[in-house]
Colleague: 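Following this message is one structure expressed as structure tokens.
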Amino acid sequence: MPRAFHTLSLLTTGGLLALLALTPTPVLAEEGFAAQLDWGERYRITAPVAGRIEAVEIRPGDPVAAEDVLFRLDTRRTDADLRTARANIERLQMELDEAERERDKTQDLYDQTLIAARELELARIDYATSAARLAEARAQRDRIRADLEDATIRAPASGRVVRVEANAGQYVNPAMLPPVLATLGTTDPMRAIGIVPAATAATLEPGETVTVVVGDQRLSGTIAAVGWEPTGEEPERGYRVEVEFSPEDTALRPGQNAQIERQR
């Protein structure tokens with residue numbers, strides 16, 4: 001009886017060993033980690049100049065390309081200021097031309113010793129003063145032109161509109177607390193962000209090639225940054241790892257779960 005028991009035990013042990021040999025080895029923690037998707041960059045769109053919003057050209061969820069128009073401000077006052085500046089430049093140019101003629105005529109008289117040096121110096125001062133006034137007027141015109149350009153608010157990068165927080169007719173003034181008109185998230189590249197323990201963080205290097213797994217998609221990515229200080233609360237406290245990747249599916253959204261697999 002004891003011998004039969006011993007034989008059965010050996011068979012059972014052998015079967016277990018064979019079964020374990022056929023079972024795939026589980027992936028260790030250091031071979032990958034969980035992450036969540038996020039935008040590559042997040043832009044808070046504000047108005048660089050004061051004015052009334054004339055048109056909102058976007059809606060939440062819209063894909064946009066860099067330099068696409070997001071908002072338009074009312075430019076009637078700025079247009080009037082530009083017309084005034086151009087008229088002022090034209091007047092000052094005429095004054096400068098006259099001051100130049102007077103200076104040249106005075107120089108000729110001085111060369112013929114018909115007038116004193118003081119009169120020549122005054123003519124030169126009048127010319128320099130006119131030139132300075134014209135330069136200042138041109139600078140003012142250029143500032144107005146810049147304000148006109150800034151009144152058309154454009155996308156700083158390609159991405160997707162996350163939120164729109166302003167309406168047509170709303171007045172904005174960056175001299176006060178600049179209001180956020182919209183939030184834009186860039187979609188190429190996107191980021192997958194995970195929190196890993198110190199032992200795993202120590203083995204990761206920026207630039208390392210990894211695979212970002214989202215559902216049935218497997219996307220090539222690169223480790224962009226590995227944190228040096230712990231973040232989060234226990235028991236999830238760890239070190240932040242950011243992975244950049246180009247999504248094939250433009251419908252990917254921040255907050256989706258992902259798995260980062262390292263190269264073996």
Side-chain angles (χ1 to χ4, degrees), residues 40-58 62 64-159 161 163-184 186:
E41 299 290 345
R42 193 179 299 266
Y43 291 93
R44 300 167 71 247
I45 309 301
T46 60
V49 294
R52 182 180 62 83
I53 298 176
E54 185 175 65
V56 179
E57 305 289 353
I58 51 171
D62 284 351
V64 296
E67 297 301 315
D68 278 358
V69 176
L70 307 180
F71 300 90
R72 298 183 191 276
L73 303 183
D74 183 3
T75 61
R76 288 175 298 176
R77 288 189 175 88
T78 315
D79 288 335
D81 290 342
L82 182 59
R83 289 193 294 271
T84 301
R86 286 171 173 166
N88 193 36
I89 288 173
E90 185 176 351
R91 177 180 59 82
L92 291 173
Q93 181 65 63
M94 293 172 63
E95 291 182 3
L96 179 63
D97 293 343
E98 179 61 25
E100 184 177 18
R101 286 191 291 268
E102 287 297 321
R103 181 201 62 184
D104 293 345
K105 183 169 66 175
T106 304
Q107 181 70 56
D108 289 340
L109 292 174
Y110 177 77
D111 292 342
Q112 298 175 43
T113 66
L114 298 175
I115 59 173
R118 176 62 177 166
E119 292 184 56
L120 175 60
E121 186 63 25
L122 290 175
R124 288 174 174 172
I125 291 173
D126 286 343
Y127 174 80
T129 301
S130 296
R133 287 173 179 166
L134 179 58
E136 183 179 357
R138 285 172 173 165
Q140 177 66 17
R141 177 204 58 193
D142 292 343
R143 285 193 292 269
I144 295 171
R145 283 176 173 172
D147 286 346
L148 273 174
E149 184 177 344
D150 288 342
T152 301
I153 301 171
R154 301 179 181 273
S158 299
V161 178
R163 287 190 300 274
V164 177
E165 304 182 27
N167 301 312
Q170 179 179 339
Y171 185 83
V172 294
N173 187 354
M176 304 174 67
L177 181 64
V180 177
L181 307 184
T183 302
L184 175 69
T186 59

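Quantities reported herein were computed from a predicted structural model and do not represent experimental measurements. The basis for the numbers below is simple: all heavy atoms, side chains too, and nothing from hydrogens, waters or symmetry mates.
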Colleague: How many angstroms lie between CZ in R52 and OG1 in T75, if you round to the nearest 0.5 Å?
Modeller: 10.0 Å
Colleague: Any Lys/Arg nitrogen of E98 or R101 sitting under 4.0 Å from an Asp/Glu carboxylate oxygen of the other?
Modeller: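 So E98 pairs with R101 through a salt bridge.
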Colleague: Give, for atom CZ of R103 and atom CG of D108, the distance between the pair rounded to the nearest 0.5 Å.
Modeller: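 The CZ atom of R103 sits 11.0 Å away from the CG atom of D108.
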Colleague: State the CG-CZ distance between D81 and R141, to the nearest 0.5 angstrom.
Modeller: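 Result: 14.5 Å between the selected atoms.
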Colleague: Could you tell me the separation between the OG1 atom of T78 and the CZ atom of R143, rounded to the nearest 0.5 Å?
Modeller: 13.5 Å
Colleague: Verify side chain to side chain contact (heavy atoms under 4.5 Å, CB included) between D68 and R154, making sure each step is shown before the conclusion.
Modeller: CA-CA 5 Å; D68 278 358; R154 301 179 181 273; over 6 Å; no
Colleague: Drop me the distance from I153's CD1 to I45's CD1, to the nearest 0.5 angstrom.
Modeller: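 One finds 8.5 Å between CD1 of I153 and CD1 of I45.
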Colleague: Checking T183 side chain against R163 main chain: does a donor-acceptor pair fall under 3.5 Å?
Modeller: no
Colleague: Taking the basic N atoms (NZ, or NE/NH1/NH2) and the acidic carboxylate oxygens, is any pair closer than 4.0 Å for E121 and R118?
Modeller: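 Result for this pair is no, no salt bridge flagged.
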Colleague: Is the backbone N or O of E41 less than 3.5 Å from a side-chain atom of T186, with the two atoms forming a donor-acceptor pair by type?
Modeller: yes
Colleague: Measure across V164 and V161 and return the closest heavy-atom pair with its distance rounded to 0.1 Å.
Modeller: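 Nearest pair, atom of V164 first, then V161: CG2-CG1, 3.7 Å.
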Colleague: Could you report the tightest heavy-atom contact between V172 and I53, atom names first, then the distance?
Modeller: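 It is CG1-CD1, 4.1 Å.
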Colleague: Where is the tightest heavy-atom contact between E54 and D74, given as atom of each residue plus distance?
Modeller: CB-N, 3.9 Å
Colleague: Counting only heavy atoms not in E165, do more than 12 fall under 6.0 Å of its CD?
Modeller: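 Enclosed: over 12 neighbouring heavy atoms sit under 6.0 Å from CD of E165.
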Colleague: Do you know which two heavy atoms are closest between A99 and Y127, and how far apart they sit?
Modeller: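 For A99 versus Y127, the nearest heavy atoms are CB-CA, 3.8 Å.
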Colleague: Taking all atoms of both residues into account, what is the closest heavy-atom pair of V64 and A157, and its distance?
Modeller: CG2-O, 4.3 Å
Colleague: Applying side chain to side chain donor-acceptor pair (under 3.5 Å), name anything that partners R124, two or more places apart in sequence or on another chain.
Modeller: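 Only Q107 meet the side chain to side chain donor-acceptor pair (under 3.5 Å) criterion with R124.
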Colleague: Is there a side-chain contact between R42 and L184, using heavy atoms and a 4.5 Å cut-off?
Modeller: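 Side chain of R42 against side chain of L184, heavy atoms only: no contact under 4.5 Å found.
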Colleague: Of all heavy-atom pairs between E95 and S130, which one has the smallest distance, and what is that distance?
Modeller: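 Smallest heavy-atom distance, with atoms named: O-OG, 4.1 Å.
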Colleague: Does either side chain, that of D97 or that of Q93, offer a donor lying less than 3.5 Å from an acceptor on the other one?
Modeller: yes
Colleague: Counting heavy atoms not belonging to R77, are there more than 12 under 6.0 Å from its CZ?
Modeller: no
Colleague: Starting at CG of L114, measure out to OG1 of T106 and round the result to the nearest 0.5 Å.
Modeller: 11.5 Å
